[in-house]
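Data first, discussion second: the structure below is written as structure tokens.
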Amino acid sequence: MDIKTKNFHQKHDSRGTLTFLEGERDVPFAIKRIYYIYGVHPEERRGFHAHKRLQQYLICVHGKCSVMLDNGLGQRDHVVLEDPNAGLYVGPGVWCEMYGFSADAVLLVLASEYYDEADYIRDYDTFTTYVNGGRTL
Ligand code: TYD
């Protein structure tokens with residue numbers, strides 16, 4: 001699977017570090033929404049869904065978490081996010097699960113669309129059928 005991670009711009013000086021990114025420049029979409037996830041128990045897993053159209057960048061701006069990506073075609077990858085300067089791209093048609101949250105983890109997500117429950121695929125069998133063009137594996 002094509003895992004796209006990216007390091008954003010950083011400005012270091014004696015006061016510390018500033019990271020910045022711009023929609024349609026540093027991420028391939030206009031940012032319509034941001035949300036962030038924190039206070040997740042280390043044993044908890046979140047996500048368990050894919051999207052039909054939504055594009056997202058995941059940035060663990062504090063602490064650490066892991067992401068499992070599944071393309072529904074038999075390929076799975078795991079990515080550890082622990083660098084506040086690094087983003088993981090998650091495009092449409094990718095099943096995503098987040099796990100291994102440190103107690104201090106804050107996972108920031110930049111999203112290309114407003115929240116729309118109709119864009120979610122929350123059932124794994126429906127997802128594999130969807131990415132296989134409606135055919136059941
Ligand atoms: P959920 O999709 O379960 O979170 P996760 O991405 O960790 O699987 O979302 C939790 C709740 O928050 C659910 O009721 C939907 C709601 N929600 C919004 O209202 N707006 C949003 O932008 C997001 C991401 C979720």
Side-chain angles (χ1 to χ4, degrees):
M1 199 177 353
D2 185 21
I3 301 290
K4 291 193 185 105
T5 55
K6 163 158 200 160
N7 290 313
F8 299 115
H9 309 281
Q10 269 187 329
K11 298 281 184 183
H12 301 284
D13 62 32
S14 59
R15 300 166 298 174
T17 302
L18 183 153
T19 286
F20 65 93
L21 61 93
E22 297 180 331
E24 296 180 280
R25 293 181 173 174
D26 302 302
V27 298
F29 52 82
I31 300 163
K32 281 195 178 164
R33 175 168 57 106
I34 65 168
Y35 61 94
Y36 37 100
I37 296 170
Y38 53 95
V40 181
H41 189 278
E43 300 301 318
E44 198 63 71
R45 294 178 80 92
R46 299 193 62 124
F48 294 92
H49 52 64
H51 287 279
K52 298 173 191 166
R53 291 178 49 228
L54 187 69
Q55 301 181 74
Q56 303 189 98
Y57 250 99
L58 278 58
I59 306 165
C60 194
V61 292
H62 196 256
K64 176 178 176 175
C65 69
S66 295
V67 183
M68 191 280 284
L69 304 162
D70 180 335
N71 69 358
L73 306 168
Q75 285 182 299
R76 284 187 167 192
D77 270 300
H78 296 258
V79 178
V80 176
L81 296 177
E82 55 186 339
D83 177 355
N85 188 52
L88 169 67
Y89 178 76
V90 180
V94 175
W95 185 266
C96 200
E97 298 176 17
M98 293 89 85
Y99 63 98
F101 285 82
S102 62
D104 59 351
V106 181
L107 179 63
L108 175 71
V109 184
L110 316 173
S112 65
E113 306 296 334
Y114 298 123
Y115 177 73
D116 176 12
E117 187 59 35
D119 189 66
Y120 281 73
I121 306 171
R122 292 189 183 272
D123 174 73
Y124 188 77
D125 290 340
T126 305
F127 165 65
T128 55
T129 302
Y130 179 83
V131 294
N132 283 281
R135 297 180 301 276
T136 309
L137 282 175

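Keep in mind that what you see is a predicted model, and the values were worked out from it rather than measured. Every number for a ligand or one of its atoms is a count from 1 in the order of the listing. For reference, positions follow the sequence shown, starting with 1.
The pair Lys52-Asp119 does not count as a salt bridge, with every side-chain nitrogen at least 4.0 angstrom from each carboxylate oxygen. Salt-bridge check for Arg46 with Glu97: failed, with every basic side-chain N at 4.0 Å or more from each acidic carboxylate O.
For atom 6 (O) of ligand 1, the nearest protein heavy atom (residue, atom name, distance) is His49 NE2, 3.3 Å. In terms of protein heavy atoms, atom 8 (O) of ligand 1 is closest to Gly47 N, 3.0 Å. Here the heavy atom of the protein found nearest to atom 24 (C) of ligand 1 is Arg33 NH1, 3.4 Å. The single protein non-hydrogen atom nearest to atom 2 (O) of ligand 1 is Arg122 NH2, 3.0 Å, given as residue, atom name and distance. Protein heavy atom at the shortest distance from atom 7 (O) of ligand 1 is Arg46 NE, 2.6 Å. Given atom 25 (C) of ligand 1, the protein heavy atom at minimum distance is Tyr115 CE1, 3.7 Å.
Surrounding CZ of Arg122 are more than 12 heavy atoms belonging to other residues, nucleotides or ligands, all under 6.0 Å away.
Ring geometry for Tyr99 versus His78: interplanar angle over 60°, hence perpendicular rather than tilted (30 to 60°). Under the 30°/60° scheme for interplanar angles, the aromatic rings of Phe20 and His9 are found to lie parallel.
Centroid-to-centroid, the aromatic rings of Phe127 and Phe48 stay 6.0 Å apart or farther. In summary, the aromatic rings of Tyr120 and Tyr115 are positioned with their centroids under 6.0 Å apart.
The shortest separation from a heavy atom of Tyr120 to ligand 1 is under 4.0 Å, placing the residue in contact.
Protein non-hydrogen atoms do not reach within 4.0 Å of atom 14 (O) of ligand 1. Contact annotation for atom 17 (N) of ligand 1: protein present (non-hydrogen atoms, distance under 4.0 Å).
In summary, the atoms of ligand 1 found under 4.0 Å from a heavy atom of Tyr35, numbered by their order in the structure, are 24 (C).
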